[in-house]
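Since we're looking at a predicted model, the values are computed, not measured.
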Amino acid sequence: PRSTLFPYTTLFRSPAYPDEAKRKFWTGRGVFELKFDYDSGCVREVHVVKSTGRGILDAQVIAALKQWKAKPRSIQALRPFPIEFTYTRG
């Protein structure tokens, strides 16, 4: 799925699911947008278009997205895309 969703990314990290959120069975779905430095491919900005509803989840998404990298001189931004945290008791 990564190659079809984000064909220009060379480094892709998924957000960690915080232990506190797991213990409390917190879930959420947010929408995020990335802006890249065109020359280096490094992430310049992460925008929360729609919060997951939990600051702790948003923070994990932002931390993961800041590590992404695109092929240099390939892309300036990724359109807003959803990230969802789900947790099944078990």
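- A heavy-atom distance below 4.5 Å is found between the side chains of Phe32 and Val48.
- Across Ala70 and Ile75, no two heavy atoms sit closer than the pair CB-CG2, 3.5 Å.
- For the pair Ile83/Arg29, no side-chain contact is recorded, criterion being any heavy-atom separation below 4.5 Å from C-beta on.
- A donor-acceptor contact shorter than 3.5 Å is absent between the side chain of Lys50 and the backbone of Pro82.
- Atom NZ of Lys66 has 12 or fewer heavy atoms from other residues, nucleotides or ligands within 6.0 Å.
- Interatomic distance, Gln60 CD to Leu65 CG, rounded to the nearest 0.5 Å: 11.0 Å.
- Not one N or O on the side chain of Thr9 forms a donor-acceptor pair closer than 3.5 Å with the backbone of Leu11.
- Interatomic distance, CZ of Arg44 versus CG of Asp37, reported as 6.5 Å (0.5 Å rounding).
- Shortest non-hydrogen contact noted between Asp39 and Pro72 is O-CB, 3.2 Å.
- To the nearest 0.5 Å, atom CZ of residue Arg73 and atom OH of residue Tyr38 are 5.0 Å apart.
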* Output, in order, the C-alpha distance, side-chain angles, deciding distance and verdict of ring pair (Phe, Tyr, Trp, His ring centres under 6.0 Å) for Trp68 and Phe81. => CA-CA 14 Å; Trp68 284 25; Phe81 59 94; 5.7 Å; yes
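- The local environment of CZ in Arg13 is sparse, with at most 12 non-hydrogen atoms from other residues, nucleotides or ligands closer than 6.0 Å.
- Residues Phe85 and Pro18 share a closest heavy-atom pair of CE2-CD, 4.5 Å.
- If you take OG1 on Thr27 and NZ on Lys22, they are separated by 14.0 Å, rounding to the nearest 0.5 Å.
- Note that CD of Glu45 is 11.5 Å distant from CZ of Phe36, once rounded to the nearest 0.5 Å.
- Here the CG-CZ distance, from Leu34 to Arg79, works out to 14.0 Å after rounding to the nearest 0.5 Å.
- Val61 and Val31 end up in different hydrophobic clusters when Ile, Leu, Val, Met, Phe, Trp and Tyr side chains are linked at under 4.5 Å.
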